[in-house]
2 protein chains.
Amino acid sequence: MNEISEQLHGKGRYATRTRERVAQVLREERRYLTAHAIHEMLVARGISISLSTVYRTLELLVGLGVAATRGEENGEISYVFCTVQHHHHAVCRTCGRVEEVGCGPLARFARDLRAGQGFELEDHAIELYGRCSDCAKR
Amino acid sequence: MNEISEQLHGKGRYATRTRERVAQVLREERRYLTAHAIHEMLVARGISISLSTVYRTLELLVGLGVAATRGEENGEISYVFCTVQHHHHAVCRTCGRVEEVGCGPLARFARDLRAGQGFELEDHAIELYGRCSDCAKR
DNA sequence: AATAATTTGACGACGAATCGCAAATTCATG
DNA sequence: CATGAATTTGCGATTCGTCGTCAAATTATT
Ligand SMILES: [Zn+2]
Ligand SMILES: [Zn+2]
Ligand SMILES: [Zn+2]
Ligand SMILES: [Zn+2]
């Protein structure tokens, strides 16, 4: 019984094979995927699952804090595996891999912002794009 | 003839009353609005315009670099008035006002990131949330 | 195995966004 | 200002992502 199963069990939800499979895709891929893409990947593996269930499971995982969403420019919603603590995502433009990074230097940024235009920073959303260590070598 | 009209004229597009009205809403509001919201605001002013035209005009303004988009979590797309040069948005959580801010401190952030996990930063997307100077006083 | 609670899949509803085409508007030209 | 070509607009239909309903299936418990 893994971490997600324990969280589900603690909240009176069932830890089903179906849910574990959706979570497994996110754990393996580590990049932003739409519900549709996840569904297709599971079907390609010979697993029978409905698109509705994929949506519901993703919503559940986001609620548990183990998945994060991002609104794409075309209106689609993408999901990615995620840890609970506050962090940001560095997205590789070559392979799509998502790495988590902290946000230490933002403290100084917030101070400058308040001094400059009186804006009191409460929160921030950052996405970083570039090349992951593997792809940068090639 | 304003700045947007000139840009349109230079690209063989017509500077129409309709387009100017959509741009005017963005200029006045300075916050993220959906195409639907913009359409309703224009209709409320007694202006007859189709939702299709609002969508097409917004797409055009984004292409001109005077509007920016953001994918919302529910799949909608929001638009905001924007200058061409690189910058980020500080969004007031009380009134929704969007202010533009630079990203000077990010240079150090990029250096630390490369040293820490080998990620080569090429670009970034940042959204800041908090209270604008007006709302912070109350 | 029996039971109760939860989840799943199939289907349809809903809304955002887009497309095609005829009518209207814009703009250059005379 | 009148004319005509080019572009834009509005309308309706269409596509597509997402979510709701409900009976059937699955899960956990005894
Ligand atoms: Zn994350
Ligand atoms: Zn990579
Ligand atoms: Zn404010
Ligand atoms: Zn920047």
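Chain letters run A, B, ... following the sequence lines, proteins first, then strands; residues in each count from 1. Quantities reported herein were computed from a predicted structural model and do not represent experimental measurements.
- A donor and an acceptor atom never sit less than 3.5 Å apart when one is taken from the side chain of B:Tyr55 and the other from the base of C:dA16.
- The side chain of B:Thr16 places an N or O atom within less than 4.0 Å of a non-bridging phosphate oxygen (OP1 or OP2) of D:dT9.
- Closest approach of A:Val91 to A:Tyr32, counting heavy atoms only: CG2-CE1, 4.2 Å.
- To the nearest angstrom, C1' of C:dA16 lies 13 Å from CG of B:Leu58.
- With 3.5 Å as the limit, one finds a donor-acceptor pair spanning the side chains of B:Glu76 and B:Asn74.
- Summarising the geometry of A:Ala35 relative to A:Val54, their closest heavy-atom pair is O-CG1, 3.6 Å, with the distance given to 0.1 Å.
- Taking the nucleotide of DNA chain C with the nearest heavy atom to each of A:Tyr14 and B:Ile77, the more 5' of the two is matched to A:Tyr14.
- Taking atom CZ on A:Arg19 and atom P on D:dT26, their separation rounds to 15 Å, with Å as the unit.
- The two residues B:Ser133 and B:Arg97 have their closest heavy-atom pair at OG-NH2, 3.7 Å.
- One interatomic measurement links the two molecules: CZ of A:Arg13 to P of C:dA4, which rounds to 21 Å at whole-angstrom precision.
- Distance B:Leu60 CG to C:dA17 P: 17 Å, rounded to the nearest Å.
- Annotation: the terminal axes of the helix from C:dA1-D:dT30 to C:dG30-D:dC1 meet at 40°, where each axis is the rotation carrying the C1' atoms of four end pairs onto the next four (5 pairs per end, rounded to 10°).
- The minimum heavy-atom distance linking B:Arg131 with B:Cys92 is given by the pair CA-SG, 4.0 Å.
- No hydrogens or angles were tested; on distance alone, nothing pairs the side chain of A:Arg56 with the base of D:dG20 as donor and acceptor under 3.5 Å.
- Regarding B:Glu76, its CD atom lies at a distance of 13 Å from the C1' atom of C:dC14, rounded to whole Å.
- DNA chain D is contacted by both B:Gly12 and B:Asn74; B:Gly12 maps to the nucleotide lying nearer its 5′ end (nearest heavy atom per residue).
- For CD of A:Glu28, the number of neighbouring non-hydrogen atoms (other residues, nucleotides, ligands) closer than 6.0 Å is greater than 12.
- A:Phe81 and A:Leu42 fall within a single hydrophobic cluster, where Ile, Leu, Val, Met, Phe, Trp and Tyr are joined by side-chain heavy atoms under 4.5 Å apart, directly or via other members.
- Nucleotide D:dT9 holds its P atom 12 Å from the CD atom of B:Glu20, rounded to whole Å.
- Residue B:Ala23 comes nearest to B:Ile4 through the heavy atom pair CB-CD1, 3.8 Å, listed as atom of the first residue, atom of the second, then distance.
- Taking atom NE2 on B:His9 and atom P on C:dC27, their separation rounds to 7 Å, with Å as the unit.
- With rounding to whole Å, B:Arg17 atom CZ is found 9 Å from C:dT25 atom C1'.
- Within residues 26-53 of chain B, the residues having any heavy atom closer than 4.0 Å to DNA chain D are, in order of number, B:Ser48, B:Ile49, B:Ser50, B:Ser52, B:Thr53.
- Closest non-hydrogen pair, A:Arg31 versus A:Val98, comes out as CA-CG2, 3.7 Å.
- Each of B:Val54 and A:Gly75 has a nearest nucleotide on DNA chain D; the 5'-most of these lies closest to B:Val54.
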